Amino acid sequence: MAEYEACILGLRLSIAMNVQELLVIRDSDLLVHQVLGEWATKNTKLLPYLHYVQELIKRFAKIVFKHVPRTQNAFADALATLSSMIQHPDKNFINLIPIGIHKQPAYCVHIEE
């Protein structure tokens with residue numbers, strides 16, 4: 001369910017940004033194959049999530065789902081590693097990790113001395 005919720009959040013954000021073409025890269029093999037209709041959804045708790053994702057993807061002119069194992073997804077792997085290393089005295093509290101979003105790709109950013 002958490003994988004679907006993260007996917008839904010990303011799709012809704014993309015829709016709000018008026019994105020027309022989207023490449024969705026997930027490390028959840030199950031989610032990708034279920035959304036593509038290649039695998040059946042046996043867990044009835046996942047069906048509302050699946051149906052909602054299928055409704056959201058209709059809003060894109062082009063959308064592609066691709067499965068990439070976490071070991072090949074360095075950013076997701078780094079975040080997972082960071083989250084496992086953070087310990088707070090209050091076990092129910094998680095410190096926020098600020099992540100910046102640049103307006104252009106990093107290779108376009110000019111750095112001067």
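Computed from a prediction, not measured in an experiment: that's the story for all the values here. These values consider heavy atoms only, across backbone and side chains, with no hydrogens, waters or symmetry-generated copies.
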Q: Just so I know, are the side chains of R26 and V68 near enough to count as touching, which here means a heavy-atom distance under 4.5 Å?
A: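 Result no, sub-4.5 Å side-chain heavy-atom pair not found.
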
Q: Using 0.5 Å steps for rounding, measure from the CG atom of L50 to the CD1 atom of I8.
A: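 If I round to the nearest 0.5 Å, the distance is 9.0 Å.
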
Q: Can you check whether L56 reaches R12 side chain to side chain, under 4.5 Å on heavy atoms?
A: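 Touching, per the 4.5 Å side-chain cut-off.
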
Q: Distance from Q34 atom CD to D29 atom CG, nearest 0.5 Å?
A: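 The CG atom of D29 is 10.0 Å from CD of Q34, to the nearest 0.5 Å.
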
Q: Following the transitive rule for hydrophobic clusters with a side-chain heavy-atom cut-off under 4.5 Å over Ile, Leu, Val, Met, Phe, Trp and Tyr, establish whether M17 and V53 coincide in one cluster.
A: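 Shared cluster, yes.
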
Q: Hey, what do you get for CG (L31) to CE (M1), rounding to the nearest 0.5 Å?
A: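 Atom-to-atom, L31:CG and M1:CE are 13.0 Å apart.
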
Q: Side-chain heavy atoms under 4.5 angstrom apart, residues restricted to Ile, Leu, Val, Met, Phe, Trp, Tyr: same cluster for Y52 and V19?
A: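 Shared cluster, yes.
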
Q: Once you round to the nearest 0.5 Å, how far does NZ of K66 lie from CG of D27?
A: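 Between K66 NZ and D27 CG, I get 13.5 Å after rounding to 0.5 Å.
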
Q: Could you walk me through whether T41 and L30 pass the side chain to side chain contact (heavy atoms under 4.5 Å, CB included) test, one step at a time?
A: CA-CA 9 Å; T41 307; L30 180 70; over 6 Å; no

Q: Report the distance from atom SG of C7 to atom CD1 of I57, rounding to the nearest 0.5 Å.
A: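 If we round to the nearest 0.5 Å, C7:SG and I57:CD1 are 8.5 Å apart.
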
Q: Mind checking side chain to side chain contact (heavy atoms under 4.5 Å, CB included) for E5 and listing every partner two or more places apart, or none if nothing turns up?
A: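 By the side chain to side chain contact (heavy atoms under 4.5 Å, CB included) rule, E5 matches Y49.
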
Q: Could you list all the ring pair (Phe, Tyr, Trp, His ring centres under 6.0 Å) pairs where at least one residue sits in residues 4-29, not counting sequence neighbours?
A: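 Counting only pairs at least two positions apart or across chains, no ring pair (Phe, Tyr, Trp, His ring centres under 6.0 Å) contact touches residues 4-29.
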
Q: Taking side chain as C-beta onward, heavy atoms only, is V32 less than 4.5 Å from V24?
A: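 No - every pair of side-chain heavy atoms lies 4.5 Å or more apart.
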
Q: Only pairs at least two apart or in different chains count here, so list each ring pair (Phe, Tyr, Trp, His ring centres under 6.0 Å) that has a residue in residues 12-48.
A: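 For residues 12-48: H33-W39.
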
Q: Using side-chain hydrogen bond (donor to acceptor under 3.5 Å, both in side chains) as the criterion, list what pairs up with Q20, not counting sequence neighbours.
A: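 Listed in chain order: N18.
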
Q: Name each donor-acceptor pair under 3.5 Å that joins a side chain in residues 58-65 to protein atoms two or more places apart or in another chain, with its distance.
A:
residue	atom	partner	partner atom	Å
K58	NZ	E55	OE2	3.0

Q: Which pair of heavy atoms, one from E3 and one from S28, lies closest together, and at what distance?
A: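 The answer is OE1-CB, 3.6 Å.
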
Q: What pairs of residues pass the salt bridge (charged side-chain N to carboxylate O under 4.0 Å, His left out) test when at least one of them lies in residues 31-51, not counting sequence neighbours?
A: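 Sorted result for residues 31-51: empty, none.
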
